[in-house]
Every structure is written in structure tokens, then in C-alpha cells.
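Worth saying up front: this structure is predicted, and the values here are computed from it rather than measured. Hydrogens, waters and symmetry mates are skipped; everything else that's a heavy atom, side chains included, is used. Proteins come first, then strands; the chains are lettered A, B, ... in the order of their sequence lines, and each starts at number 1.
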2 protein chains.
Amino acid sequence: MDEDARATDEDRPPTAEADATATDTTAAEAAAEKAATTPRGGESRARPARLADIAARTGLATSTVSRALTRPGRVHAATRARVEQAARELDYVPNRAARALNSGRTGSIAVLVSDVTNPFYFGILRGTARQSRAAGLLQLLVDLEESGELEDALLGRLRHSVDGAVLAASRLPDRALAALDPAMPVVVLNRRIPGVPSVVIDTPGGVGHAVEHLVSLGHRSIAYAAGRQGVWSNEQRWRALARAAARLGARAVRLGPFPTTRWPAGAAAADAALNARVTACIAFNDVLAIGMLRRLSERGVDVPGELSVVGCDDIFGADFCSPPLTTIAAPLEDAGRLGVSMLVARLRPDPPAARAAVLPAQLVIRSSTGPAPRAAG
Amino acid sequence: MDEDARATDEDRPPTAEADATATDTTAAEAAAEKAATTPRGGESRARPARLADIAARTGLATSTVSRALTRPGRVHAATRARVEQAARELDYVPNRAARALNSGRTGSIAVLVSDVTNPFYFGILRGTARQSRAAGLLQLLVDLEESGELEDALLGRLRHSVDGAVLAASRLPDRALAALDPAMPVVVLNRRIPGVPSVVIDTPGGVGHAVEHLVSLGHRSIAYAAGRQGVWSNEQRWRALARAAARLGARAVRLGPFPTTRWPAGAAAADAALNARVTACIAFNDVLAIGMLRRLSERGVDVPGELSVVGCDDIFGADFCSPPLTTIAAPLEDAGRLGVSMLVARLRPDPPAARAAVLPAQLVIRSSTGPAPRAAG
DNA sequence: GCGATGGATGCAACCGTGTGCCATTTTTTG
DNA sequence: CAAAAAATGGCACACGGTTGCATCCATCGC
């Protein structure tokens, strides 16, 4: 404790490294360990308790101990109590590897995201994290760094290391994902594939509402700033916009595609929107939309006075950018939770048929949308 | 492929669930599997290839196959080629559980964060994800949801399931963390504990620069909007501010503590700063600072005209809030990478002594700081 | 009092991989 | 050409937990 107070050298210049004062303590620890138990080949770690240790302590067989801990009804109540007592005393923690080896279940799932730094995944990750823990599963986070090949390779190697996977925004073709299922149960988010359970957010429905919102404000020409070509949700959103515009007598223009993961993206989209003679623009996602806002601000374009901007997803930051962004809010945490729930259901001995869950999206109106300017069409 | 085109029903009302059209295909698949191999008790999954399968195919012993794949020098080159060929043909993937069981190494590490939705962790997670993959390790993401008890319990259960852990912002007391090390190697981020390897970002140094920046702009009274009491980095930053202010002849005021994970936090901090008769405020982190900006904007206070605001960390959003935030940028991805590197070094047979790496932080000047107003002092 | 019944427990065989030790083969050396 | 040395491959066991089957004992019914 008093050692802690000593470590206050905040005025030290930022050197690359600084040695801690721990050389002696670690040496002492190592010596202590070595003296304790040396199970095999001189390992330096203390040996954790096994079932056999509990068995020895209670005078039971390991099989009985195992049943006492995992099949409570299968042993005498008194025996069970004895075993649990001993387990507590020895600080017993079951070895997951051993359990996995003969049961085939690892007790963990993988969550694959295309890019961890994309704020879109924050909410999803929180949802998967919560539901995983609720289900007693560990969550492997795999960042694909926007690489489809990496995804393929990783899925192959993960196949037998996890019980299943949640794929948030996979890049693999439908066939590859559908083929994956027998080897490893999979749930996909934001995509619909026949035969694969999925969680889809009804952002297209929200796009319809956004178009209504814009048309009611007098907009008659609405652009769509597209994301990466071929992405399922990207095409869905464009179609929803085109359809709603047609229904309401407005003109729909498709711009792009624009990259949506790096900041420069929004600039190109903003310029394209200004060229397209529209009064409003719905962007594929909030990252793109916020990038547009920045560019428009740089160019001195008034939002929403001259151009209204709508985003998708309601990511972190959409409420404090300038101006606060009107967006189609996606229930990301719910989607993550539901994805894991469906995966867990899929892992049960009698898996339900693959289904596609649809979560509603809400149009959140902030300050980046307003009445259409008079002159434009 | 043509099936994919059919799945375009974006105008469908957002129902809770919709059945996929996959019942027949999954049934066919299941039948095909059952016909293939039924290893034990009629499992429904296809049996993955094992070493024994390669051995049978090549006419070698499993031990030789094992060595061919893991100890290239130990077998004849021709034998090794045969084995690798067979492994490819059978799509062999080593069973991690079995490997872990007898080697004691799981090939995975845990990364513990106190709250996944805190944008502070985004950069860190990307760093740990990259370095983990580079080291051939899987990364377990554990969200502690701001609960110290959960952390304690989880660390106990994880102890034998992972090779080590990176603790980003742990809540456990120093003693508990130091005691953890013999059972499970650990690297802590943003905290310095004797005997435990750590990666610390020199934000306090950056705070010093920020104070110089503010003083040079004429500020003489600077507030610190504190984060959660007792957090190591929080105390460090305050001390750095107080020390730098004393050195430069400015007055330092400590406000708070304020919660820094939820948005309402910033409001209280902003009001407190206005009451404190200061002209500038350095906040514990960017979440708090951005919350302050929002509140100040609501109250019609000009930033930086009436009050300058500085944040810490340079999280996602700090560059597009209004006004863009002057902040002390932390190299978060580097910190994550380095944390994993140090953990990996710790896992080697001859672990180096625990050391504390310090990464420099940079003051990034944007638009939330400016000259001090005339009247105040 | 004896056999049937069922609950409680132990035995032993797995799961798939890694590795120490030994047998065998091949190469080198005197 | 024989002996020594090196290279190569196989046997068997260990890792820790689960589970089918056998065993044992107590209780119950007749």
C-alpha cells in the first residue's frame, strides 16, 4: 500500500520504458513456487486443484466427485455437500480444456467483426458480451480488419475451437456461410441468408420513415450516399429509399459508393451531394453522415438550411456532432443479445429451425434535418 | 445466388420474427451427416479429422504425424511432406482443447475491460486484437460492466482457461492483482503496481503541457473535473495539474468526482466549473469533457470565449464534437499492442522481469481552448 | 427370510495431442 | 567390415473430466 504511494512520478519525461522496482519480489516469488510443487518437468506455476484432489480429500472416486458437481441429483445430498465443501476449500475450478476434450463443447463462442474500431460494433459487442455471460459462455472477439480472406481462414481454424459464432457483417458469400453451418453453428447479423439464422435490423423501414419526414418538410430530391458495393444492408437501404421516394413522388439519386470506415469518406460524399442538386441526403451509416457534416461545415454549407442530412444506426457521437444528427437508430445491443440467444438455442440438442429475426429501427429526429430551401427542386 | 435475390422484402412491417425458407435444406443436410459417420452416441456433427486419421492415411504412427507437424526437424523431409499433404487433403485442424490439456497452454488470452461501450477501449481493443493475432493467440473479450466483484469472480474462473490476461482499468486492489500473477500472468494498463508488468500512458505529462498551453493563453485559474475517486489515473492527472499550476503561478481547483461513463455526468461538471470562477477546465477524460461541452452549449456559454475545456484520451468523437475538443491524445492502439507483447514475453519459458512501459501522450489543440476572457482571473 | 428393486458409488475406458523412452534403420568412422 | 553415432519412427502414457457399466448396499414387498 505504501509502495503504491511511491509510484507518483508524473513529471518524469515520457521515456520509452522505465524499469519497475520489482526484480527482487519476482525472484522471491519464483523461488517460493519452485519449492512448492513441481508436477512435471519443472513447471513454475502452482498446480491448480483437480477432481482427483477433491476425491482424495473426501475419500470418494473422481467419477463421484464429477457427478456431485455437475449432476446434483445423481449423488446423495450429504455426499454432494461434502464435495462442494472440499471444492471450496481447494478453490477448485474445472479445467475447461479437459471438459471440452471429451464433451466436444468448449463453452465459448466467437464474435467476428469486420473492424473493431467501427463504432457500429460497440453496441453489438455489449449485447453479445452480456448475453454470453448470461449463458455462461466466454466470448472470443475476432477482428477481421476488413479482410475477407482472413475471415475465411479464421473461421476454418476456429471451427473446432468454439461452439459457434456470431458474424456481424460478414464478407463471405452466401454459399460459404450456409456451408459453414453443419461444422459450426452460426448466426449472422445484418444479413439474410436462406438456411442460416439471422438477426436483421429493419433499417430499411426506418429509411421509409425518414423519406416521409423529409418529404413532409418539402424535400423533393433525395440522395442516397451509398456504402461499400455489394454489402447486403447497403442495397437494402437504397431500395427502401428508392421505393419510398417513388411512392411519395420524390426523386431518388444514388451516389457513391463511398468507403465508410475512414474519415475522408464523408468529404467525397458531401461534395457529390452538393453536385447532385438535391436538398437532402440519407447516408449509408452515421460514420459517413458525420463525415459529410464535417465537410459541409468546412465548405460553409448550412445544415439543414441548404442540405438536410440523415444517417443510419445512431452510433456513439451522433448526438453530439454538429449539428446533432437525425438518424435511424438501430437497437444494436438488442441485436447482439438476440444473436447470442439464437446461437445458444442452436446449440441445444434439439435445435429449432433457422429463422430470421427482425428488429425495428426508429427514426430519431435531431437538428441535421429541416425544411427544404425555397429555390431548389 | 438466385435465392439471394429473393430475400428483398424491405417494405415488410417490422414484425418480431419471420421464418426463413430453410427447413428443407437443413433437413437434407442433417440426413447427409447422419449417413456419413456416427462417432459416438449419434452426434449430429461431422467428425473432424484427427492426427489418427492422418496416421492411417499415411501409414505412420500418430506420434510421428504429431512431430511432423510441430517439430519439422525431427522427422525425415519426405515423411513430413507426405504428412502435410494428407493434412491438407483431410482439412486437418488441430484440436485446441486436446493441445491445451497436455501442454497447459490454451493459446488464448483474456482482455478485461470495465465497460465495452466506453469509447476509451476502442483503440485499446484494436491494439490487443492485432497483436494477439500476430502472436497466434485468440483474444477473449470480457466486459466487467463496472463491477469489481464480477472482475474478481471472473478472474478466478478464467485463471486456468487462458494463458494470461490484459487488464485495462482494473478495479481490484493492488494486492489482489499482484497475488494473481503466479497463477496467471497479467499485464495491467493505465496503472502501476510493483511487481506487475504495466503499460502506462503519460497523460500526466500531457496535462503539464495543457496547463502551459492554458497559462500561455492567459488563464490563471484552472479547474480539474475529476473522475471516479480512487482511480489511479484520476489521481495522477490531478496531481500533475496541481503541480504544473503551482509551478506556473496559476490556481488549481479540483471539482467532482463525477461519474464518467454516462452522459448526464458532463452536465454537473459544467455547472460546477461555472460556479468555480475558473476560465479553463481540464476534464478527467473526453467523455466527461464532451458532456461538459453539451451542457455549456445548452446554457449558452461560449466555448472557448468564456470557458476553455480540455479533455483526455482523444477518443472517437473528440474531433467532431462542437467545438472540436482540445485534448491529450493517448496512443491507445499502441498501448493495447504493447500490453499483449509484454504478456507474450511473460509467457516465454524465461520471462523477463516485470517492467513498467510508459508511452508518451500528445496535446492536440483544437477549438475548445482559447484566450482567457479579460474580466476573470 | 429371501429375492427384487433402485439409489449411490466405483471402475475403467475414452476424448486428441504431445513427448520420453526405446527399437530400428541409416550413416559415419576407425 | 565392424562398431559407434546419428537419424527416424513407434509404443505407451499423461493431461483432467465425463460416462457406460458394474457393484454394492439398503429398503421394500411378499
Between [options], which nucleotide has the shortest distance from any of its atoms to the side chain of [X]?
| X | options | result |
| --- | --- | --- |
| A:R99 | C:dC21, D:dG17, C:dC11 | D:dG17 |
| A:A98 | D:dC21, C:dG18, D:dG17 | D:dG17 |
| B:L101 | D:dC15, D:dG10, C:dT9 | D:dC15 |

Restricting both atoms to N or O, compile the protein contacts to nucleotides 6-8 of chain D shorter than 3.5 Å, with distance only.
{"from": "D:dT8", "atom 1": "OP1", "to": "B:H76", "atom 2": "ND1", "distance (Å)": "3.1"}

### Query
Near DNA chain C, under 4.0 Å by heavy atom, which residues of residues 50-64 of chain B?
B:R50, B:L51, B:S63

For the residue pair [X] and [Y], what are the closest heavy atoms and their distance?
| X | Y | value |
| --- | --- | --- |
| A:A97 | B:L101 | CB-N, 4.0 Å |
| A:S108 | A:S161 | OG-O, 3.7 Å |
| A:R346 | A:G195 | NH2-O, 4.2 Å |
| B:T79 | B:T64 | CG2-CG2, 4.2 Å |
| B:L172 | B:S170 | N-OG, 3.1 Å |
| A:V186 | A:L343 | N-CD1, 4.1 Å |

Tell me the interatomic distance from [X], atom [atom1], to [N], atom [atom2], rounded to whole angstroms.
| X | N | atom1 | atom2 | result |
| --- | --- | --- | --- | --- |
| A:N102 | D:dG17 | CG | P | 10 Å |
| B:L69 | C:dG18 | CG | C1' | 12 Å |
| A:R159 | C:dG16 | CZ | C1' | 16 Å |

### Query
Do the side chain of A:N95 and the base of D:dG17 come within less than 3.5 angstrom through a donor-acceptor pair of N or O atoms?
no

### Query
Is the base of C:dG10 touched by the side chain of A:R67 through a donor-acceptor pair closer than 3.5 angstrom?
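It does, because a donor-acceptor pair links the side chain of A:R67 to the base of C:dG10 below 3.5 Å.
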
### Message
Students often get this wrong, so: under 4.0 angstrom with heavy atoms, is B:R80 touching a base, only sugar-phosphate, or nothing?
### Response
nothing

### Task
List in numerical order all residues of residues 87-94 of chain B for which some heavy atom is under 4.0 Å away from an atom belonging to DNA chain D.
none

### Message
Could you check whether any side-chain heavy atom of A:V196 comes within less than 4.5 Å of a side-chain heavy atom of A:D174, counting everything from C-beta outward?
### Response
no

### Note, B:Q139 side chain near B:R133 side chain (heavy atom, < 4.5 Å)
no

### Query
For B:R88 and B:E84, what are the C-alpha separation, side-chain angles and deciding distance, and is it a salt bridge (charged side-chain N to carboxylate O under 4.0 Å, His left out)?
CA-CA 6 Å; B:R88 264 192 303 274; B:E84 287 177 343; 5.1 Å; no

### Salt-bridge contact A:R126-B:D143 (side-chain N to carboxylate O under 4.0 Å)
yes

### B:A97 or B:R71, whichever maps to the more 5' nucleotide of DNA chain C
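Upstream on the strand: B:A97.
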
### Message
For B:I109, run the side-chain contact (heavy atoms from CB on, under 4.5 Å) check against B:V344, B:L140, B:V340 and tell me which one passes.
### Response
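One option only clears the test, and that one is B:V340.
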
